[in-house]
Amino acid sequence: MKVAFPYLGYDTIALKKFVEMLGAEVCLGSPLTARTLSLGAKYSPELICLPFKITLGSFVEALEAGADTLLMAAGARKCRFGYYHYLQEDILKKISNHHQFYAISQYTPYEFFFKKIPKIFGVSPRRVIYATWLLLHHSALIDYYRKLIRLARAIDFTSAQKKESEALRIIENVSNLSAIRKAKNKLKELFQPLFKFKKRIIKIGLVGEIYLMLEPFANHDIEKELGKMGVVVIGRRSLYRHLKHLLHIDTSELKIIIDAYKYLKDSPGGEAIKTVGEAHGFCKTGIDGIIHIYPFTCMPENIAYEALEKMAHDYAIPLLSISIDEHTSKTGLLTRLEAFVELIKRKNL
Amino acid sequence: MTIGIPRALLYYRYGEFWVHFFKKLDVDIVVSPPTNKKILDQGLKYISSEICLPVKIICGHLDWLKNKVTHVFLPRFVELNGGLYTCPKMIGIVDIARLRFAGQFQLIAPKIKNNFYWAHFWLGLRFTKNPLKVKWALKEASTYLKHTQPPPPNGKPKILLLSHFYNIYDDYISRTIINTFKNQGFTIITKEHLDNKLLTSTKGFAKNIRWVYERELYNAFYYLLPHAQGVCNIISFGCGPDSLISEIMLKEAQARTKPFMQLIIDEHTSPTGLVTRIEAFCEIIKKQCLNIAPITN
């Protein structure tokens with residue numbers, strides 16, 4: 001059985017490990033490129049948002065590489081994301097008929113642990129629970145790594161990039177909980193020499209839609225580009241936090257909702273309330289600027305955008321909202337980022 | 001105290017109910033006038049360009065109301081019919097209005113989460129101390145909640161016009177479309193011609209749709225398709241639910257060889273362009289009708 005799932009930035013490593021723990025082979029196809037996106041856009045409906053196109057494109061490429069089992073997250077609520085799989089299943093059926101498409105609902109943990117996953121992989125529920133437990137810790141490790149690399153990039157971009165391949169190797173080579181703990185220490189040692197600095201670094205908070213926050217291809221490597229400009233990016237969104245949210249063990253969630261209350265009294269679906277809550281948290285603790293990224297025509301994030309604009313006005317904090325679709329050019333995005341960082345530098349003088 | 005009700009978005013579904021409910025409670029109300037170019041242009045100033053046309057229009061209506069009333073009634077519809085969601089924008093519009101029109105008027109925004117009756121009951125108690133009067137007002141007004149229309153006359157070729165109530169009943173948006181179809185000799189049927197029981201049915205794909213108004217649209221499509229010669233789906237640009245459900249309907253219509261047209265509208269849509277497209281679509285239907293039932297002497 002060759003399993004494919006959509007790429008999810010650095011967290012792809014953790015998901016890969018999860019599938020391997022369940023005894024299946026992972027076959028993701030080539031990394032995301034412009035071809036993936038153009039394939040996705042070719043088969044997608046006209047008005048759909050960007051994550052649909054990228055995930056569909058990556059499925060098409062995975063099928064080309066020989067995958068036979070496709071896993072897609074589902075779970076219909078207010079956001080469009082929960083409905084992706086109905087269309088994707090239909091579209092992929094027309095492209096190939098040698099595969100199985102499974103939609104895995106995010107909001108039914110019981111079904112996930114005891115019915116769906118054991119049935120697909122032919123394993124016991126106990127193993128699924130252990131693999132999920134490992135996935136949670138592995139994604140926590142990746143969350144920690146992202147925090148380190150963000151700071152390292154802002155201090156010394158070239159040496160941080162040199163250390164990236166070694167760090168990724170450390171993250172990949174874990175198989176149990178104690179190895180994860182050791183890997184965390186190793187990562188700390190690896191990046192420690194870089195963290196000797198005196199000067200003040202510009203802090204920018206990154207908020208927005210989860211897929212664009214996690215997948216560097218979707219957001220045109222915005223974190224790396226900001227690091228190159230000497231900016232440290234602060235972002236709370238990760239697979240780790242999303243998993244905790246789904247398992248109802250995220251304690252910081254209540255704080256986010258309370259923070260958001262001034263600007264958004266009720267969740268309009270998707271991750272809008274987290275976008276607003278996190279941004280308000282950043283504003284209160286002091287930040288130099290906020291960048292908000294979301295897919296073009298994303299409904300919840302558009303509501304969040306209105307709230308953020310008001311918030312930026314209230315706290316006098318620069319705000320850059322970027323809506324991304326398949327026609328967004330990297331050059332244009334870079335120009336906007338450079339201008340934004342320049343503006344913050346002037347403001348701080 | 002004067003309460004303003006914007007004539008946009010949910011007004012086209014619950015407006016008459018609200019107007020009668022407030023009148024029965026002896027509350028002064030002002031309803032904004034039907035949408036026109038000026039109102040739309042005002043609305044564009046308040047909101048980002050990526051949001052769909054009906055939300056831009058409601059911002060224009062709120063702008064019209066801002067100097068004329070002290071309070072604006074804008075309920076927050078979160079869930080209806082036992083756990084079905086409305087659209088994210090309908091939930092968010094209350095917050096947008098609160099932030100954008102801060103200080104201009106106060107919002108009366110009861111949260112409706114599977115408690116349509118009780119939310120209005122508590123709302124009524126704000127204006128009168130007599131619960132029996134509120135109960136009576138609700139009972140009197142609830143006759144205006146039903147929108148079912150009698151079935152259209154047989155004979156004439158029919159077009160199924162699929163869209164949200166705030167698109168079809170807003171004259172400014174749909175005038176050109178409806179008039180062109182009528183000039184071409186078609187009768188228009190909408191989801192209001194379907195019984196309420198069928199509209200909310202959960203048969204087939206409809207049970208997967210968790211947006212309340214989209215489920216109605218899909219059911220209307222499913223049950224009225226055999227009676228119509230063609231389907232015209234009006235989508236406002238940037239509408240998230242429509243972008244998905246319309247695609248599913250399009251695929252089904254293609255499988256059943258029924259002409260299906262998606263008209264995507266926004267504030268820049270020109271009436272002339274719409275007329276040309278609709279006329280071409282009508283030609284296709286007429287040709288297809290001829291093929292199915294050739295004229296014999």
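Numbered from 1 within each chain, the chains take letters A, B, ... in sequence-line order.
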- Task: Looking only at non-hydrogen atoms, find the nearest pair between A:Tyr305 and B:Ser48 and report the distance.
- Result: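 Shortest heavy-atom separation between A:Tyr305 and B:Ser48 comes out as CE2-CB, 3.3 Å.
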- Task: Work out which heavy atom in B:Pro88 is nearest to a heavy atom in A:Ile303; give both atom names and the distance.
- Result: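 Taking every non-hydrogen atom into account, O-CG1, 4.1 Å.
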Minimum side-chain heavy-atom gap [X]-[Y] below 4.5 Å:
| X | Y | value |
| --- | --- | --- |
| A:Arg77 | B:Arg210 | no |
| B:Lys251 | A:Leu87 | yes |
| B:Glu79 | A:Lys78 | no |
| A:Met299 | B:Cys52 | no |

- Task: Check B:Leu244, B:Ile209, B:Ile245, B:Asn208 against A:Tyr86 for a side chain to side chain contact (heavy atoms under 4.5 Å, CB included) and give me the one that passes.
- Result: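 Of the listed residues B:Leu244, B:Ile209, B:Ile245, B:Asn208, the side chain to side chain contact (heavy atoms under 4.5 Å, CB included) partner of A:Tyr86 is B:Asn208.
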Under 4.5 Å from any heavy atom of chain A, what part of [X] do you find: side chain, backbone, both or neither?
| X | value |
| --- | --- |
| B:Leu99 | both |
| B:Tyr46 | backbone |
| B:Val78 | side chain |
| B:Ile235 | side chain |

Hey, could you give me the [atom1]/[atom2] distance between [X] and [Y], rounded to the nearest 0.5 Å?
| X | Y | atom1 | atom2 | value |
| --- | --- | --- | --- | --- |
| B:Asp95 | A:Lys265 | CG | NZ | 7.5 Å |
| A:Leu47 | B:Ile264 | CG | CD1 | 4.5 Å |
| A:Tyr83 | B:Ser243 | OH | OG | 11.5 Å |
| A:Asp266 | B:Lys113 | CG | NZ | 6.0 Å |
| A:Arg80 | B:Cys87 | CZ | SG | 9.5 Å |
| A:Asn302 | B:Ile51 | CG | CD1 | 4.5 Å |

Non-hydrogen atoms of chain B under 4.5 Å away: do they reach the side chain of [X], the backbone, both or neither?
| X | result |
| --- | --- |
| A:Ser267 | backbone |
| A:Phe81 | neither |
| A:Cys79 | backbone |

Other residues, nucleotides and ligands only: do more than 12 of their heavy atoms fall within 6.0 Å of [atom1] on [X]?
| X | atom1 | answer |
| --- | --- | --- |
| A:Lys42 | NZ | no |
| B:Tyr222 | OH | no |
| A:Arg237 | CZ | yes |
| B:Tyr117 | OH | yes |
| B:Lys203 | NZ | no |
| A:Tyr261 | OH | no |

- Item | Parallel, tilted or perpendicular: rings of A:Phe296 and B:Phe237 (30°, 60°) |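 Rings of B:Phe237 and A:Phe296: tilted, 30 to 60°.
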- Query: Among B:Met90, B:Gln262, B:Arg98, which residue forms the greatest number of heavy-atom pairs with chain A at distances under 4.5 Å?
  - Reply: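 Most heavy-atom pairs within the cutoff with chain A belong to B:Arg98.
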- Message: If we ignore hydrogens and angles and just use 3.5 Å, is the side chain of B:Glu50 paired with the main-chain N or O of A:Thr297 as donor and acceptor?
- Response: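 Indeed, once roles are kept as given, a pair shorter than 3.5 Å links the two residues.
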